[in-house]
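Worksheet: one structure, shown below.
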Amino acid sequence: MHRLRHHAALASSRLLVRDNQRITALARAGDVAAARRVFDAMPRRDAVSWNALLTALWRAGRDLPAARSLFDDMPSRNVISWNSIIAGCLAHGDLAAASAYFARAPRRNVASWNAMLAGLVRLGSMEDARALFEQMPERNVVSYTTMVDGLARCGEVASARELFDAMPTRNLVSWAAMISGYVDNNMLEEARKLFEAMPEKNVVACTAMITGYCKEGDLQNARRLFDGIRAKDVISWNAIISGYVHNGLGEEATKLYIIMLREGIKPDHATLIALLTACSSLALLRQGRSTHAVVIKAMLESSISICNALMTMYSKCGNVDESELVFMSLKSQDIVSWNTIIAAYAQHGRYQKVIALFHEMELCGLIPNDITFLSMLSSCGHAGRVDESLKLFDLMSSKYAISPRAEHYACIVDILSRAGQLEKACSYIKEMPSEAEKNVWGTLLCASQTHGNVQLGELAAKMLVLSDFESSGAYVMLSNIYAAAGMWSEVNRVRSQMKEKGVKKQPGHSWTEIADKVHMFVGGDASHPEMDMILSELRKISFHMQIVTDKTQMMEELAQECG
DNA sequence: TTAGGGTTAG
């Protein structure tokens with residue numbers, strides 16, 4: 001009888017453990033409803049069962065209210081229950097609720113403090129995080145690493161390093177956090193030194209370094225490091241693939257993607273975004289479409305960021321209508337979606353549509369940001385709307401409290417320069433908060449050439465050369481300006497300066513994809529076997545483009561007049 | 001409880 005009872009108790013506790021494990025497994029797979037069913041059907045539950053469901057509700061189910069009400073119903077709570085509800089509130093950005101639970105918790109361990117610390121860091125409240133860190137009764141490697149990461153993320157790399165050096169013990173996570181902190185703050189040399197000093201290099205640290213090399217355009221070292229990783233995971237693949245994409249090597253990125261698939265790594269949504277970005281920058285519509293098919297197969301069409309990348313791809317491949325279809329297919333659009341669709345129409349010269357979208361966006365309750373204004377300004381520029389662009393520029397700061405960045409000034413300078421209002425353009429450059437960037441002077445120099453303004457041309461070229469000695473374009477344009485004005489001795493002076501400094505002009509190039517073959521065109525190169533035909537076709541196209549542009553402008557103006 | 005990749009402009 002005694003033995004029988006003992007067996008029954010053993011079986012029941014085995015069942016309990018099994019059910020608890022099932023709840024956790026189902027939650028990990030994202031099926032909260034099934035986890036809840038298992039929980040409801042359990043003959044006996046312990047603290048582990050309650051805690052497992054609690055975490056499942058806010059993490060996999062993203063349902064904080066449900067988690068909070070379960071927490072209230074719990075027959076008893078241990079420190080893990082309290083830590084879970086605190087972490088849940090923080091994961092949902094509810095700092096106030098998290099702090100309230102933290103204050104009410106009858107017992108706190110290092111993990112409770114660490115959870116609060118991580119929450120504060122994630123929300124960017126570094127001052128509060130620092131205060132909490134100082135207050136902690138006990139700190140472990142996690143507490144220190146969280147602080148190192150947080151400090152580096154808000155740009156305080158030196159303090160981060162100081163703390164890193166002061167840590168009583170460090171683990172792989174601490175090293176990776178510090179290295180990635182350097183990479184995020186564009187301190188590759190420091191990152192590299194620390195990486196070399198790392199006693200044991202793992203895939204995370206390697207991936208951070210790969211990102212760093214890619215940021216510097218050093219794909220050779222990035223690739224060498226990548227090839228050396230034994231256990232490559234999807235994130236390291238994404239780092240190298242997107243590295244190639246952002247350095248204009250979309251083809252290499254695509255090749256790597258194929259290898260990745262062959263090695264049995266399943267692409268995730270970051271992989272697909274990188275691929276779509278490659279298609280956008282190379283205008284590969286066919287490949288873009290097939291990537292769209294992969295997105296559908298992977299059931300990622302409801303992801304906003306994927307759709308935003310799809311929209312860009314279609315638009316850059318010349319297909320605004322499909323871009324808009326994707327936009328409409330979204331259940332809810334975020335600021336990036338709106339910026340993307342506005343940019344799409346801006347790039348296609350549809351000024352009136354851009355304005356309409358801008359108003360529609362506001363009606364939907366979204367506040368335009370600095371990037372929205374860049375698209376708007378660029379659209380004004382293409383449509384030659386000088387007055388409207390100046391109004392928008394003012395509106396930016398007066399109504400939306402966005403301070404214009406160098407890029408916004410660059411737009412305005414570009415618009416004014418094209419319109420021949422060079423003096424006014426120059427006054428905007430002088431108004432710029434930071435020192436005028438290279439491209440702003442470049443714009444002015446370019447305009448000085450078209451409008452034959454020697455004085456401003458000289459000024460712009462001087463500024464350009466001061467900021468960048470390699471700037472071959474500046475010399476060429478300045479010499480053209482002098483030549484147009486008949487100032488031949490000045491022309492000779494610039495030419496000999498170029499020779500002295502060994503400046504060489506980088507030829508411009510473009511490419512197009514026809515029937516799976518990429519054709520490259522380089523400025524001044526007429527070696528293509530069908531050059532005559534290409535040129536005559538180009539003349540036809542530019543003739544048609546002018547007609548279409550005029551027609552579009554007429555239609556839009558007509559539509560505006562009709563209200 | 002801590003670390004790596006990922007959408008918009010130019």
Side-chain angles (χ1 to χ4, degrees), chain A residues 80 83-84 86-87 90-91 109-119 121-122 139-150 152-153 167 170-181 183-184 202-212 214 226 229 233-243 245-246 267-277 280 300 303-313 315-316 333-344 346-347 368-379 381 405-408 410-411 414 437 439-440 443:
Chain A
I80 297 177
N83 288 353
S84 169
I86 291 168
L90 291 168
N109 58 13
V110 205
S112 334
W113 287 89
N114 285 345
M116 279 301 292
L117 191 67
V121 165
R122 257 201 304 271
R139 303 182 190 106
N140 62 9
V141 64
V142 176
S143 336
Y144 278 96
T145 306
T146 306
M147 278 304 286
V148 167
D149 180 53
R153 267 181 215 276
M167 283 174 77
R170 288 174 275 268
N171 61 15
L172 285 175
V173 181
S174 333
W175 284 88
M178 191 63 237
I179 291 170
S180 132
V183 169
D184 285 343
N202 66 353
V203 63
V204 178
C206 290
T207 306
M209 279 309 295
I210 289 172
T211 308
C214 290
F226 176 76
I229 303 176
D233 62 6
V234 66
I235 301 185
S236 44
W237 279 98
N238 290 345
I240 190 79
I241 290 177
S242 72
V245 172
H246 291 127
D268 70 0
H269 91 271
T271 324
L272 297 176
I273 286 175
L275 281 182
L276 288 169
T277 309
S280 304
L300 289 168
S303 148
I304 297 193
S305 46
I306 288 257
C307 285
N308 294 341
L310 275 169
M311 285 164 62
T312 308
M313 182 275 292
S315 152
K316 293 253 165 109
Q333 293 90 353
D334 65 3
I335 180 73
V336 178
S337 325
W338 282 98
N339 285 349
T340 308
I341 194 72
I342 286 175
Q347 281 151 5
N369 64 9
D370 52 341
I371 292 173
T372 321
F373 278 99
L374 277 177
S375 298
M376 300 287 301
L377 287 174
S378 125
S379 175
R405 284 190 286 129
E407 285 96 330
H408 297 97
C411 265
D414 184 55
E437 274 185 19
N439 54 359
V440 186
T443 304

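Because the structure is predicted, anything quoted here is derived from the model rather than measured. Here is how names work: the chains are called A, B, and so on, in the same order as the sequence lines, proteins then strands, and each is numbered from 1. Worth knowing before you read on, the calculation uses all heavy atoms, side chains too, and leaves out hydrogens, waters and symmetry mates.
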In whole angstrom, what separates [X]'s [atom1] from [N]'s [atom2]?
X        : N      : atom1 : atom2 : answer
A:Ile342 : B:dT7  : CD1   : C1'   : 15 Å
A:Ile241 : B:dG4  : CD1   : P     : 19 Å
A:Leu172 : B:dG4  : CG    : P     : 14 Å
A:Lys316 : B:dT8  : NZ    : P     : 7 Å
A:Asn140 : B:dA3  : CG    : P     : 14 Å
A:Asp370 : B:dG10 : CG    : P     : 13 Å
A:Arg170 : B:dA3  : CZ    : P     : 18 Å

Return yes if the base of B:dG4 and the side-chain atoms of A:Asn202 contain a donor-acceptor N/O pair under 3.5 Å, otherwise no.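 Flag unset: no donor-acceptor pair detected.
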
Return the set of residues passing ring pair (Phe, Tyr, Trp, His ring centres under 6.0 Å) with A:Phe226 (not counting sequence neighbours), or none when no residue passes.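 With neighbours one apart ignored, the set is A:Trp237.
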
Does A:Ser375 offer a backbone N or O that forms a donor-acceptor pair with the side chain of A:Ser379 under 3.5 Å?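 Side chain of A:Ser379 to backbone of A:Ser375, a donor-acceptor pair under 3.5 Å: no, none is there.
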
Can you check whether A:Cys214's main-chain N or O pairs, donor with acceptor, with A:His246's side chain at less than 3.5 Å? no

Touch check for A:Ala274, heavy atoms < 4.0 angstrom, all strands: base, sugar-phosphate only, or nothing? nothing

So what does A:Ser112 touch, heavy atoms closer than 4.0 Å: a base, only the sugar-phosphate, or nothing? nothing

